[in-house]
There are 2 protein chains.
Amino acid sequence: MVRPPQTTAAASEAPNHSDPDDYIESFRALSRPSVAVDIVIFTILDADLKVLLIKRKNPPFQESWALPGGFVVVGESGADGEQGEDLEEAAARQLSEETRLPRGSVFLEQLYTFGRAGRDPRTRVISVAHYALVRPNLAPFVAAGEDTTDAVWRSVSEVVSLPLAFDHGDMLSVALDRIRGKIDYSPIAFELVPETFSIPELRAVYEVIKGTTYDPGNFRRKFNRMVTDGIIERAPGKRITASKPAQVFRFVRNP
Amino acid sequence: MVRPPQTTAAASEAPNHSDPDDYIESFRALSRPSVAVDIVIFTILDADLKVLLIKRKNPPFQESWALPGGFVVVGESGADGEQGEDLEEAAARQLSEETRLPRGSVFLEQLYTFGRAGRDPRTRVISVAHYALVRPNLAPFVAAGEDTTDAVWRSVSEVVSLPLAFDHGDMLSVALDRIRGKIDYSPIAFELVPETFSIPELRAVYEVIKGTTYDPGNFRRKFNRMVTDGIIERAPGKRITASKPAQVFRFVRNP
DNA sequence: AGAATAGTGTCTATCAGACACTATGCA
DNA sequence: TGCATAGTGTCTGATAGACACTATTCT
């Protein structure tokens, strides 16, 4: 097993506080945690909000459920060379490795950075948490065969009362707060329906995320305003339901 | 000058992909950037939004203006020992070192993590940006004598068209977006007035941050509702102005 | 007395919530 | 034909914006 490098040089040499750059440099040497990226990946299946979890095979937290994640690839270089991958790159790579979905087909955004000392018992790890939204029509392709990856969709309502590895429970809470707040003033709901969708389908997304019901008439009126504002537009075809088929719409990315 | 430690062991040994833990460990060894904390510190002085900047004395970006910041202290230990300071601790320490204001007297919150490869030309540095809000009655104590610290309050309207060191210009933009959005649905405006304040004073905060004017009557009505809702309460005394003195209020933290 | 700003009242357009009602396709 | 759900219409209360007006203190 590869051991993390030791900062013996920095630790043994006392910083020279009279030279500010020396002072800074000594702190930089002392500040070399591992940096990870963890992702709270949501989808909606069976009118239920799901999160993608992985069962850990190794300690610590062996056999616990955890969020997908991994370490950021960092190059060792100065001004000229490569310094490794961007944080968004690391998150996108992790996301596509875990879901096997093509890049760009999944909404991905930085969430919050978790860096509490001791959050990983092995060594100091700072994790830049992200969240992702997978359209329900793509979700069945994720974790389809459990032989490809060990990831499974689990109901959020069950998972919140389940101890997750590390501080992943906190990450899930923060991610839930984020999407519950953000759905009201940003178009993230359109990331949790197929490219074309009916108003009742969109309403179901709001109801699942907010945990309340919406009056069908009032909800429709709100999105009819978005049609006249050009934010969404009618799409050809109809959505077949158990009764009367519904008109489908499409989100206009740059109205 | 202290050199950053090299991860020669990890770089020369090929990861053993058949053992997942070995694989992970090798990535962890490869993922040891420096981690910094930078802070966008706002206040309002002379009816103008200000940000605290520092003139860099050393390369890179020598003589450029930069945000206050510093490296996170990270311990080298496993399960039992100390792993260093939390991110919030690092930010609070940096904030109090730079402003000399007592802890807890300044609002401080994590903003976003900037980790683009190459953002620091020396080595890979990932910076967890924060923002802080200093009450205007405390602001004059900050950077009062330029002998204590080298920090100065600069007008945001000037700074946005000024090249800052590293990606600190991006940090400022993100921080501005954040407070402009958040002032509408969270009580952060109360962090930019003295503990007691008049309605016109509070209105001035909104006007400076949003860059618009508010109708005095309509604005007052909104905050009168907050009085009846117990979010703010009348405080004794009056605020002396050039004309009619104004009633003062106090924010009720837990109504 | 007059300037300046605090503070009140009123009209209107917009929008959310509640809810009754109509339309249409499927079993 | 009846059921289920799509889709429409209407009433009401809350609120934001525009703006006219009154109140109080300082100079």
Side-chain angles (χ1 to χ4, degrees), chain A residues 44 46-47 136 180-187 189 193-194 196-250, chain B residues 44 46-47 136 180-187 189 193-194 196-250:
Chain A
I44 295 178
D46 310 321
R180 282 176 184 149
K182 203 159 176 172
I183 199 173
D184 289 329
Y185 64 91
S186 87
V193 286
T196 67
F197 53 88
S198 67
I199 303 286
E201 280 173 351
L202 195 63
R203 177 161 54 88
V205 171
Y206 277 76
E207 292 181 340
V208 163
I209 287 182
K210 297 286 247 185
T212 54
T213 58
Y214 287 76
D215 178 89
N218 297 337
F219 188 91
R220 172 176 303 275
R221 189 176 30 175
K222 182 165 157 182
F223 283 86
N224 278 341
R225 273 196 293 268
M226 296 180 91
V227 174
T228 60
D229 293 352
I231 297 167
I232 59 181
E233 63 183 13
R234 290 180 77 131
K238 286 185 178 293
R239 185 70 84 242
I240 304 304
T241 70
S243 62
K244 180 180 175 181
Q247 180 61 243
V248 295
F249 296 86
R250 182 189 298 114
Chain B
I44 294 178
D46 310 322
R180 281 176 185 150
K182 202 159 178 174
I183 199 172
D184 289 329
Y185 63 91
S186 86
V193 286
T196 67
F197 53 88
S198 67
I199 303 287
E201 280 172 352
L202 195 64
R203 177 162 53 88
V205 171
Y206 277 76
E207 292 182 339
V208 163
I209 288 183
K210 296 289 244 183
T212 55
T213 58
Y214 287 76
D215 179 89
N218 297 336
F219 189 91
R220 173 177 303 276
R221 190 175 30 172
K222 184 164 156 183
F223 283 86
N224 279 340
R225 272 196 293 269
M226 296 181 90
V227 174
T228 60
D229 292 351
I231 298 166
I232 59 180
E233 62 183 14
R234 291 180 76 132
K238 285 185 178 294
R239 185 70 84 242
I240 304 304
T241 71
S243 63
K244 180 178 174 181
Q247 180 61 245
V248 295
F249 296 86
R250 182 188 298 113

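Just so it is clear, the model here is predicted, and its values are computed rather than measured. Just so it is clear: chains get the letters A, B, ... in the order the sequence lines come, proteins before strands, and each one is counted from 1.
One can place CD of B:Q247 at 15 Å from C1' of C:dT5, the figure rounded to the nearest angstrom. The interatomic distance linking A:K222 (NZ) with C:dG17 (C1') rounds to 12 Å, in whole Å.
With rounding to the nearest 0.5 angstrom, the OG1 atom of A:T213 is 15.5 Å from the OH atom of A:Y206. Between A:I199 atom CD1 and A:N224 atom CG the span is 6.0 Å, to the nearest 0.5 Å. The CE atom of A:M226 sits 10.0 Å away from atom OG1 of A:T228, with the distance rounded to the nearest 0.5 Å.
Nearest-nucleotide mapping onto DNA chain C: of B:P200 and A:R225, the residue sitting toward the 5' end is B:P200. Each of A:T241 and A:R221 was matched to the nucleotide of DNA chain C holding its nearest heavy atom; the match closer to the 5' end belongs to A:R221. Mapped onto DNA chain D by nearest heavy atom, B:I240 and A:A246 fall at different nucleotides, with A:A246 at the one closer to the 5' end.
You can see that DNA chain D meets the heavy atoms of chain B within a 4.0 Å-exclusive cut from D:dT15 to D:dC26, reading 5' to 3'.
B:K238 and B:Q247 make their closest contact through NZ-NE2, 4.0 Å (heavy atoms, listed as atom of the first residue, atom of the second, distance).
Side chain of A:R239 to backbone of A:T196: a donor-acceptor contact under 3.5 angstrom is found. Side-chain atoms of B:D215 come within 3.5 Å of backbone atoms of B:G217 as a donor-acceptor pair (strictly under, hydrogens ignored).
B:R221 and B:N218 are linked by a side-chain donor-acceptor pair at a separation below 3.5 angstrom, with hydrogens and angles left out of the test.
Qualifying ring pair (Phe, Tyr, Trp, His ring centres under 6.0 Å) partners for B:F249, counting only residues two or more places apart in sequence or in other chains: none.
Contacts with DNA chain C (heavy atom under 4.0 Å) in residues 202-220 of chain A: A:D215, A:N218, listed by number.
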